[in-house]
Amino acid sequence: MAELEPNMGWQVAETILFEQWLRFYFIVEENDDLVLRLDQAEEEQVLENWPRLSALVEALNGHAPDHHNSLAAICLSLGERENGEALLENAAAIVADQDFQEELNRFSAWLFEEANELDRQRLPFDDWLERFARWRGSVDLREYCLRFLGFGNLEQPVCNKLQ
């Protein structure tokens with residue numbers, strides 16, 4: 001297995017979060033099917049702003065955003081990075097890491113809570129990351145856990161993991 005570089009976890013997370021951003025803003029219905037679709041101007045803008053994620057955009061654009069296509073596009077995107085071989089060799093371990101999973105769960109909670117606000121206008125991906133960082137820094141995750149999951153006891157095991 002290739003050596004695990006310090007920023008590999010972020011590279012995997014960024015790719016997954018970017019895929020979520022694409023899903024949020026660019027899914028359309030075509031012939032009774034859902035498709036991720038960027039028009040030429042949108043695709044050019046995305047590729048200009050986030051060139052390191054271009055393989056993900058190119059692989060998903062025009063295709064159903066199902067689990068198989070998304071996973072294949074994420075892996076393709078990781079493989080296209082400068083350290084792609086090492087990323088692909090370590091991706092399973094990175095994604096299985098409990099801290100990584102908890103951070104993705106935090107992102108999902110933020111997305112759930114902010115969906116109406118995010119839906120008012122198409123925000124750049126970098127704005128999403130900034131908003132998530134602000135939310136993550138401002139919310140008491142244990143209190144959020146209680147409210148979101150309906151627990152009445154701060155000592156619930158799932159809440160203790162969110163400290």
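- Paired with R136 under the rule salt bridge (charged side-chain N to carboxylate O under 4.0 Å, His left out), one option of E103, E102, E114 passes, and it is E103.
- The backbone N or O of P51 sits less than 3.5 Å from a side-chain atom of S54, completing a donor-acceptor pair.
- Taking the side chain as every heavy atom from C-beta outward, L17 and W128 never approach each other to under 4.5 Å.
- The ring-ring contact (aromatic ring centres under 6.0 Å, His included) check on F107 picks up W110, F132, with sequence neighbours excluded.
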Steps toward side chain to side chain contact (heavy atoms under 4.5 Å, CB included) verdict (V12, F100): CA-CA 10 Å; V12 173; F100 185 90; 3.7 Å; yes
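- Shown here are the side chain to side chain contact (heavy atoms under 4.5 Å, CB included) partners of Q40, two or more places apart in sequence or in another chain: E44.
- Between the side chain of N90 and the backbone N or O of A86, at least one donor-acceptor pair lies under 3.5 Å.
- Contacts of E42 classified as side-chain hydrogen bond (donor to acceptor under 3.5 Å, both in side chains), with partners at least two apart in sequence or in another chain: R122.
- When the side chain to side chain contact (heavy atoms under 4.5 Å, CB included) test is applied to L34, the partners found at least two apart in sequence or on another chain are I27, E29, P65.
- In terms of the side chain to side chain contact (heavy atoms under 4.5 Å, CB included) criterion, residue partners of L88 (sequence neighbours excluded) are, by chain and number, C75, L78.
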Audit row: F18, W21, ring-ring contact (aromatic ring centres under 6.0 Å, His included) steps and yes/no: CA-CA 5 Å; F18 193 76; W21 178 80; 5.2 Å; yes
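- Side chains of Y25 and L38 form no contact here, defined as non-hydrogen atoms less than 4.5 Å apart.
- Taking a 6.0 Å sphere around CD of E30, one finds it holds more than 12 heavy atoms contributed by other residues, nucleotides or ligands.
- Expressed to the nearest 0.5 Å, how far CG of L111 lies from CZ of R23 amounts to 11.0 Å.
- S108 contributes a side-chain N or O that, together with a main-chain N or O of L104, makes up a donor-acceptor pair within less than 3.5 Å.
- Side-chain N or O atoms of E85 include none that pairs as donor or acceptor with a backbone N or O of G79 at under 3.5 Å.
- In this model, a donor atom of one side chain and an acceptor atom of the other lie less than 3.5 Å apart for W135 and E113.
- Every residue two or more places apart in sequence or in another chain was checked for a side chain to side chain contact (heavy atoms under 4.5 Å, CB included) with N31, and none qualifies.
- With rounding to the nearest 0.5 angstrom, the OG1 atom of T15 is 9.0 Å from the CH2 atom of W10.
- More than 12 non-hydrogen atoms from other residues, nucleotides or ligands lie less than 6.0 angstrom from CG of D39.
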